[in-house]
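What follows is one structure encoded as structure tokens, with my remarks underneath.
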Amino acid sequence: MPSFQTSPGTRDILPPQATRWRRFVQTFADVVEAAGYDHIIPPMFEDIGVFLRVGEATEIVTKEMYDFEDKGGRRVALRPEQTASVCRAFVEHRPTTPWKVWYAGPNFRYEKPQHGRYRQFDQVGIEVLGVVDPQLDVEVIALASEFYARLGLQGVRLAINSLGDDGDRERYVAALREHFTSRLAELSDETRATLERNPLRVLDSKRSQDAAAIAAAPSMREFLGPDAAAHFAAVQDGLRRAGIDFVVDDRLVRGLDYYRRTTFEFTARGLDAAHTAIGGGGRYDGLVEQLGGPATPGIGFALGLDRTLLACDAEGAFAPPSSRVDAFVVDTTGGLHAAELCTALRRAGVRADRAWDGRSMKAQMKSADRSGAGVVVIVGDDEVSAGTIIVRTMENGSQRVVARTEACDAVRAALGH
Ligand code: HAM
């Protein structure tokens, strides 16, 4: 038994998966930078007050926050998400609007670890501050869809809803409280506790005991004010025009309290029932104000990297890249020629590796095989005195003796570059 293992809910992302993660982020950057989003890197921990604004009644805040007092007596928390950090940064730096940013990185929530649910998990996301236009909601959702398409992920379902404006949402919450209170006896104990804290979250309960009361609950649609209703209609119209399939799910409330108007969630058909949400987002008009800034509308989304890759695995999409080198240098004279040749090849853009510890020709050839290199360069005493090298193409075993000075060109030609 090793002395230490990773903590529950955390894991090592080993090769070649780590390279796949980097490509995932790069693909995301390609999609959103083409739409004018700039990269932002907020800190991984902040004053806990920043995150309390995501909703004091949410589980993310009440149960799952990694918060602690630092050595200076400050109450800080590891970020459970990055929307609040982006809004805090907006208030702190006052950039001109619209401010369009994207981010990638780890978040921390003290959840019960399971397959697809981790305590440290990565997200990529975008946020836009300063625009109320429903066409922006459509663009934001379209960018997520475009990204899934770039990954080659097909079984993605989009659900949307509107949580209305401030007053609408409050009236709806009051109506839900009244409805569920009138059916208290049939609700599960856990759901009764949720009702106390946040009646909206009762709609998220997956317990069969609660299903009938939830099915009979009033719908948010009836509570939308005229502005929020017109906004929601325009978003749906825009999605149809953009050819993006969606369903309206008026039970979609999401796990954070800051949402107003448009909310949306992407689920993957390939994942098992418990953790199918691979991404979500919405409008959070009001969050910037709560953080001490001027009234500023906001919208964005975050996509779970860990879970999206599980969905890719289920479909055989976005396969891990190969970590093979192009060329492997076998040097039976001690290794100094291998060093020189590798440096020259790498500078010429050829991925090159070599063996170490002055091993035998046979052992080095075995390493060359294992490396997956398409071409092996061989130097022994004879080649050194003749100023040549042997270039062997692994696929068919054919070999060529070429001048040492031609090494890079000959290797590239053998690789078909
Ligand atoms: P969220 O729905 O809490 O939203 O998280 C977004 C995605 O992160 C989820 O759909 C899921 O894929 C992934 N995720 C969340 N928790 C875990 C976990 N414990 N393990 C693995 N994956 C997880 C937000 O975070 C909002 N900030 C999204 C947003 C941006 N809204 C507006 N702008």
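Every number for a ligand or one of its atoms is a count from 1 in the order of the listing. Note that the numbering runs from 1 along the sequence shown for the chain. What you see is a predicted model, and the numbers here were worked out from it, not measured in a lab.
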List the steps and the verdict of side-chain hydrogen bond (donor to acceptor under 3.5 Å, both in side chains) for Glu46 and Ser85. CA-CA 8 Å; Glu46 302 224 18; Ser85 299; 3.0 Å; yes
In the protein, which heavy atom is nearest to [atom], and how far is it?
| atom | result |
| --- | --- |
| atom 10 (O) of ligand 1 | Gly279 N, 3.1 Å |
| atom 13 (C) of ligand 1 | Gly304 CA, 3.6 Å |
| atom 5 (O) of ligand 1 | Gln123 NE2, 3.2 Å |
| atom 27 (N) of ligand 1 | Glu81 OE1, 2.5 Å |
| atom 31 (N) of ligand 1 | Tyr259 OH, 2.6 Å |
| atom 12 (O) of ligand 1 | Ala277 O, 2.9 Å |
| atom 19 (N) of ligand 1 | Glu111 OE2, 2.6 Å |
| atom 32 (C) of ligand 1 | Gly300 O, 3.3 Å |

Under 4.0 Å from a heavy atom of [X]: which atoms of ligand 1 are those, numbered in the order shown and with their elements?
| X | answer |
| --- | --- |
| Gly116 | 20 (N), 21 (C) |
| Phe121 | 14 (N), 15 (C), 16 (N), 17 (C), 18 (C), 19 (N), 20 (N), 21 (C), 22 (N), 23 (C) |
| Thr83 | 26 (C), 27 (N), 29 (C), 30 (C), 31 (N), 32 (C), 33 (N) |
| Ile278 | 10 (O), 12 (O) |
| Ala302 | 6 (C), 7 (C), 28 (C), 29 (C), 30 (C) |
| Gly280 | 28 (C), 29 (C) |

Between the main-chain N or O of Gly372 and the side-chain N or O of Arg324, is there a donor-acceptor pair closer than 3.5 Å?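 At least one qualifying donor-acceptor pair exists.
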Whether the side chain of Arg412 engages the backbone of Ala348 through a donor-acceptor N/O pair (distance < 3.5 Å, no angle test) should be reported. yes
Does a side-chain heavy-atom distance below 4.5 Å link Arg221 with Phe232? no
Parallel under 30°, tilted from 30 to 60°, perpendicular over 60°: which one fits the rings of Tyr172 and Phe223?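 The rings of Tyr172 and Phe223 sit tilted, inter-plane angle from 30° to 60°.
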Parallel, tilted or perpendicular: which describes the rings of Phe264 and Phe301, with under 30° parallel and over 60° perpendicular? perpendicular
Lys/Arg N to Asp/Glu carboxylate O, [X] vs [Y], below 4.0 Å:
| X | Y | value |
| --- | --- | --- |
| Asp165 | Arg261 | yes |
| Asp326 | Arg351 | yes |
| Glu265 | Arg254 | yes |

Against the six-membered ring of Tyr118, is Arg11 placed for a cation-pi contact (under 6.0 Å from the centre, within 45° of the normal)?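 Flagged: Arg11 positioned over aromatic ring of Tyr118.
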Would Arg359 and Trp356 count as a cation-pi pair here, with the cationic atom under 6.0 angstrom from the ring centre and within 45° of the axis?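 Not flagged: Arg359 not positioned over aromatic ring of Trp356.
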side-chain hydrogen bond (donor to acceptor under 3.5 Å, both in side chains) for Thr10 and Ser7? Distances and angles first, verdict last. CA-CA 6 Å; Thr10 70; Ser7 295; 4.8 Å; no
Looking at ligand 1, does [X] have a heavy atom less than 4.0 Å from it?
| X | answer |
| --- | --- |
| Arg254 | yes |
| Gly125 | no |
| Gly298 | no |

State yes or no: are the ring centers of Tyr259 and Tyr284 separated by less than 6.0 Å?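 No, the ring centres sit 6.0 Å or more apart.
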Can the ring centroids of Phe24 and Phe147 be said to lie less than 6.0 angstrom from one another?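 Between Phe24 and Phe147, the centre distance is under 6.0 Å.
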Quick check: does [X] get an N/O under 3.5 Å from an N/O on ligand 1?
| X | result |
| --- | --- |
| Ile60 | no |
| Glu265 | no |
| Arg117 | no |
| Gln82 | no |

Which segment of [X] sits under 4.0 Å of ligand 1 when only heavy atoms are counted:
| X | answer |
| --- | --- |
| Asp306 | neither |
| Thr308 | neither |
| Arg119 | neither |

Please evaluate residues Gln26 and Arg23 with respect to the criterion side-chain hydrogen bond (donor to acceptor under 3.5 Å, both in side chains), reporting the C-alpha separation (whole Å), side-chain torsions for both, the decisive distance (0.1 Å), and the verdict. CA-CA 5 Å; Gln26 187 55 52; Arg23 299 238 166 121; over 6 Å; no
Given Arg79, Arg109, Glu127, which has its nearest heavy atom closest to atom 3 (O) of ligand 1?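 Among Arg79, Arg109, Glu127, the closest heavy atom to atom 3 (O) of ligand 1 belongs to Arg109.
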Who gets closest to atom 26 (C) of ligand 1 by heavy atom: Tyr284, Tyr118, Tyr258, Phe301?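 It is Tyr258 whose heavy atom sits nearest to atom 26 (C) of ligand 1.
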